[in-house]
Structure formats: C-alpha cells, structure tokens
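All remarks here apply to the structure that follows.
Please read these numbers as outputs of a predicted model, since none were measured by experiment.
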Amino acid sequence: MKIAVEGCCHGELDKIYETIGYLEKKEGVKVDLLLCCGDFQAVRNEGDMKCMAVPAKYRTMQTFYKYYSGEKKAPVLTIFIGGNHEASNHLQELPYGGWVAPNIYYLGYAGVVRYRGVRIGGLSGIFKSHDFRKGHHECPPYNPDTLRSVYHIRNIEVFKLKQIQMPIDIVMSHDWPRGIYHYGSTGELLRKKKFLRQEVESNTLGSPAAEELLAHLQPSYWFSAHLHVKFAAVMQHQPKGNSAPRVTKFLSLDKCLPYREFLQIVDVPERAGSSEGLEYDPEWLAILKATNSLQRITPHPWNIPENNGLHDRWDFRASEADMMQVVEDFSGDLAIPDNFSRTVPAYDPNKPQPHAAPSCSTNPQTTELCATLGLTDLYALVTQGGDVQGSTARDEDDDEDRRSVGSADEPSEYPTDTSGLSNSFNPDEITIEDEWEEEGEEEEGEGNSKAEIKGDKLPDVAAGDTCTPSRLILPKPKSDFSPKSLPDLMNLPPPSHSTPALSHAHPAAEREGCCEGEEEDAASVRILKRNSDESGEPGSRGTTPRIKRRNQVIYTAVEDEEGED
C-alpha cells in the first residue's frame with residue numbers, strides 16, 4: 001500500500017490533503033494512509049489556541065477545526081503523533097489515543113495500532129531530561145512551565161514501548177533518534193543546517209530515548225520531523241541471537257510550506273488476509289494493562305522498575321495468554337470503533353470568541369477504553385487532583401523541581417545526555433518572539449521577487465505545477481556489523497514533493513533555519529534574519545550570511561526552554 005508521510009503539519013490540513021490529491025491525479029496513484037510526524041495542531045477553538053506554546057500574537061486557527069466540526073472529512077485515513085506545538089489540552093483527553101476528528105487518529109502519549117496488518121507505533125512529544133522521570137502532572141490552565149513540560153516525553157512511555165517483542169513495521173517520533181545522522185549523508189545535512197555541526201560531531205543532537213527505542217524495536221521504517229529538513233538514512237542493526245540483522249530506513253521531512261520537501265510517498269507491503277480498517281494491537285493493549293499500576297501524575301521524579309533487587313516485577317512483556325485476554329476483553333473484535341464525538345464547541349468564523357477559556361474535559365473514547373481494559377484515565381485523575389497511587393498530584397513544595405530549566409544538575413539514565421544545554425553556541429540565536437516575528441514578516445513580504453533559496457533565485461513555476469525534487473537516493477546501510485552478504489535494500493519510493501506551486505515566489509523558502517519548535521538538543525538551530533545582500537553580491541565580504549540583530553538585549557541570556565520554540 002502507499003503511505004504518504006508528512007513532516008511537521010502545523011495545522012495545514014487543507015494544504016496537505018490538496019497536495020495528496022494533486023499527486024494522486026498527476027502520478028496515477030492512490031494513497032491509502034497519511035502519517036503525520038508531529039506539530040499537528042489539532043486546534044478546535046480559541047480556547048485550544050491558548051494551550052499551544054507559541055506567542056499569543058501568532059496563534060492562528062488554521063484548518064483543523066473544519067474537520068472537527070464536520071464541515072470537512074479527511075479524504076484519507078490519517079494517523080499522527082504529537083510534537084511540541086500542539087493544542088495540549090485536546091491531546092491530553094486521549095492519553096491512549098483516539099479519534100480527534102472523523103478519519104483522523106491520534107496515537108496518544110505512545111501507541112501501536114495495526115492497519116492492513118502493518119504495525120504502526122509512535123511516541124509523542126520531544127525529549128527533555130529534566131521532565132523525563134516525572135509523571136503526567138499537567139492540566140489546563142497551564143502556567144509558563146507546564147505549557148511546555150506537557151509535551152515532554154516521560155520515561156513510562158518509553159518503558160512501555162521497550163516491552164514490545166513482536167516485530168514492528170513503522171515507528172514515528174517528532175524529534176530524531178540521537179545518532180541517526182551518522183547513517184546518512186551527514187555532510188548534506190550540515191550544508192543545510194550549519195548550526196548543527198557541533199551537536200552532530202559530538203553525537204548529542206536528538207533524543208537518547210528514541211535512540212534506545214530504535215535499537216530495541218529495529219522497525220523497518222522510522223519517520224521523524226522537528227528539524228524542518230529532509231534527511232534519509234539507512235541503519236543496519238546488530239543481529240539479535242541467531243536472527244538475520246534487521247535494517248531500518250529513516251526519513252525526516254520538512255514542514256508544510258511551498259518549495260519545501262514535506263511529503264514523501266512510501267510503498268509498504270500489506271499483509272494478505274488482514275482487516276481493511278484500523279485495529280488495536282493486542283500486544284500493545286496487553287502492555288498497557290500490565291503497566292497501568294506504574295502510571296504517575298505527580299511532578300516528582302521516579303524510576304521505572306529494573307532488575308536491581310528493588311522491585312518485585314520489572315518485566316512487563318506480554319505473554320500469549322495476556323494477548324488472548326485482550327482479544328477476549330473486546331469480544332474478539334479488535335477493530336477500533338468509529339466513536340468520535342465532539343467534547344467542546346468548534347470554532348465558528350462568524351461568531352469568534354477570542355476570550356474563550358481552555359477546556360478541560362474527559363473524552364468518551366478514553367472512558368470507554370479504560371472501562372474495557374481496566375486502565376486509568378490520567379487526564380480525569382489529574383484534573384481532579386488525585387493520583388494513581390493515592391498521593392497528592394500537585395505538591396506545592398515541588399515548585400523548584402517543576403521550574404527546572406536544565407539537566408546539568410539532575411540525574412539522567414542517559415549518561416551522555418546534554419538535552420538541557422546545547423554544546424554549540426550561535427552568537428546570533430534569536431528567541432521565540434523574534435523567531436515567530438520572522439515568520440510573520442515573511443508572510444507579509446510574500447510577493448517579494450527577490451526571494452532566494454540558498455542564494456539562488458526561486459525557479460519560475462507556472463501556477464498549478466509542482467516543485468518536485470529528484471528521487472530520494474538512500475545511502476548504503478551503516479553498521480558496526482558487516483555481514484559477508486546483504487540483500488539489496490528496497491529504495492524508498494517515489495520522489496518527495498512540495499505543495500503545488502503558487503504563481504509567485506514564496507520567501508519562506510529562503511530560510512535555512514530550523515523549526516520554530518526546536519529543542520534544546522539543537523538550541524542553536526534558529527531561524528536567522530538575513531540581510532538582502534547575504535548571497536555574495538558584488539561589494540559583499542563573502543558568502544557567509546550576515547545576521548541582522550533586531551534586539552541586542554536578547555543575546556545576553558537565553559532561557560533553556562526557549563530553545564524549544
């Protein structure tokens with residue numbers, strides 16, 4: 001089947017579906033499934049916008065509300081994970097996953113589902129070591145700390161995914177697994193993102209938790225986003241036991257903008273005799289049941305069970321009997337029910353409510369799933385001020401811990417973790433406010449004929465045409481293990497695409513900077529404001545971009561958390 005993979009969505013559902021339809025017609029293909037790798041922005045109304053970690057003046061409704069209200073329906077089944085620009089109050093309603101709109105499914109904090117026999121897993125959020133060992137304690141109205149910590153990955157979710165033993169086909173994460181850049185064209189990556197050099201060379205860019213999951217799960221495909229750059233890699237894993245070494249094809253994509261490589265169509269074999277619809281995965285549900293007692297909703301750091309003599313149980317892998325019990329719990333039918341229901345009013349363009357407060361409601365889908373499997377509805381519990389273990393969820397004396405902005409003084413189960421502080425230093429880095437201001441200025445100057453990409457003028461493209469880069473060429477697999485012979489790897493099919501071109505150049509394409517949602521692992525990766533003469537024109541001092549600093553005071557102290565945005 002043909003799967004369309006999207007990088008950062010940023011609420012641009014209309015444009016993404018239009019692009020898929022355009023490609024289907026142009027290339028004579030039918031896309032069966034769309035996978036979105038975070039920053040989905042499932043914003044239902046004005047209250048949800050206040051739950052996104054972006055400056056208020058740049059919170060925009062985008063187009064998701066049309067699919068939530070029923071005005072439109074997604075033309076292709078869509079599965080997505082969360083990133084670090086999300087309507088967090090909405091996604092928190094579905095900690096174990098669920099429908100956010102008809103035909104649009106969220107995988108939850110972590111999740112695994114099956115579609116036509118293909119196992120698809122995902123991990124939402126981005127890695128930050130200072131929140132990794134805490135429980136899911138956040139709830140609206142968020143304060144400046146919890147507005148960001150709410151989308152930070154927790155150790156319990158990684159622990160659950162590490163219990164998986166059966167082969168998995170596809171895994172999605174928003175930020176990259178640490179070290180994956182060494183298995184592709186690293187030079188090309190650094191040419192596009194120069195500020196990443198020190199992190200790449202010191203192997204500190206990316207998520208150490210995702211790196212560990214990549215080594216454990218060894219999926220056929222791993223898709224990511226976050227850095228707003230297209231990058232492919234092929235990693236050959238060490239063989240497990242007597243089995244043949246597995247190979248993971250990694251692909252990260254850009255965000256949805258004209259002239260950007262944000263969409264890739266991949267051919268993935270489906271399994272004959274499998275159900276046509278989206279299904280629960282019995283191994284994953286059995287793991288959820290087994291680990292339910294480990295859930296925490298306090299801001300106190302805690303350690304997951306290990307075989308160190310301190311825990312009665314540390315192995316939560318699902319047995320065949322556990323999986324059969326899950327099937328029995330659902331009366332033999334693992335099809336995910338089409339039980340979407342709206343929990344808040346949808347945005348009405350004719351009746352705007354700019355002062356609407358963020359909603360904080362339970363979701364019937366979560367209630368139903370929890371009742372079936374005996375799980376805890378974390379969101380319902382935290383909003384009531386309770387705890388799975390009976391302790392208080394929001395201790396006042398934990399303020400210092402909750403306000404932590406770095407990882408240097410906190411223990412981490414990843415010895416080389418430097419996620420709290422970037423190793424590289426960019427003297428011209430800009431803050432979240434200036435970063436989003438840059439975006440707004442680009443939109444205002446959309447008709448600028450001097451827009452450039454990497455110093456070259458945008459090509460003249462007629463309206464309705466598409467800017468189609470050349471076919472993706474995968475690098476050879478890299479590994480410490482070198483077998484005598486290795487079968488030829490299947491290439492990632494067809495070429496990547498950007499949106500059908502506009503009738504005029506779009507200056508947003510001239511940026512080389514990273515996602516406005518950058519993590520501290522790449523805190524130096526920022527959108528840079530350039531002068532118009534940066535491309536080596538006569539009289540310039542060279543080809544190095546010159547940076548225009550709008551606000552000198554912001555360079556004296558940059559908050560650790562500002563690196564996320």
**Request:** Go through the steps for Trp99 and Gln365 under the test side chain to side chain contact (heavy atoms under 4.5 Å, CB included), then give the verdict.
**Result:** CA-CA 8 Å; Trp99 303 104; Gln365 297 178 71; 3.3 Å; yes
**Request:** Check the pair Glu188, Arg191 against salt bridge (charged side-chain N to carboxylate O under 4.0 Å, His left out), reporting the backbone distance first and the verdict last.
**Result:** CA-CA 5 Å; Glu188 177 67 13; Arg191 187 185 69 80; 2.8 Å; yes
**Request:** I would like to know whether Glu138 and His152 meet side-chain hydrogen bond (donor to acceptor under 3.5 Å, both in side chains); could you show each step before the answer?
**Result:** CA-CA 11 Å; Glu138 301 87 354; His152 291 165; over 6 Å; no
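For the pair Lys255 and Phe262, the cation does not sit on the ring face, since its NZ or CZ is not both under 6.0 Å from the ring centre and inside 45° of the axis.
Separation of atoms CD (Gln238) and CD (Gln236) is listed at 8.5 Å; rounding is to 0.5 Å. Here the CE atom belonging to Met61 is positioned 11.0 Å from the CZ atom belonging to Arg44, to the nearest 0.5 angstrom.
Inter-residue side-chain proximity for Thr298 and His137 is flagged as unmet; no heavy-atom pair is nearer than 4.5 Å.
Taking the six-membered ring for Trp and the full ring otherwise, the centers of Tyr106 and Phe80 sit less than 6.0 Å from each other. Ring centroid separation for the pair Tyr67 and Tyr17 comes in under the 6.0 Å cut-off.
By the 30° and 60° cut-offs, the orientation of the rings of His85 relative to His10 is tilted.
For the pair Lys15 and Glu18, the salt-bridge criterion is not met [side-chain N within less than 4.0 Å of a carboxylate O].
Shown here for Arg119 and Pro167, the closest heavy-atom pair between the two residues is NH1-O, 3.0 Å.
With hydrogens and angles left out, the side-chain atoms of Asp377 and Tyr96 include no donor and acceptor closer than 3.5 Å.
Looking only at distances, no side-chain donor or acceptor of Thr78 sits under 3.5 Å from a matching main-chain atom of Leu34.
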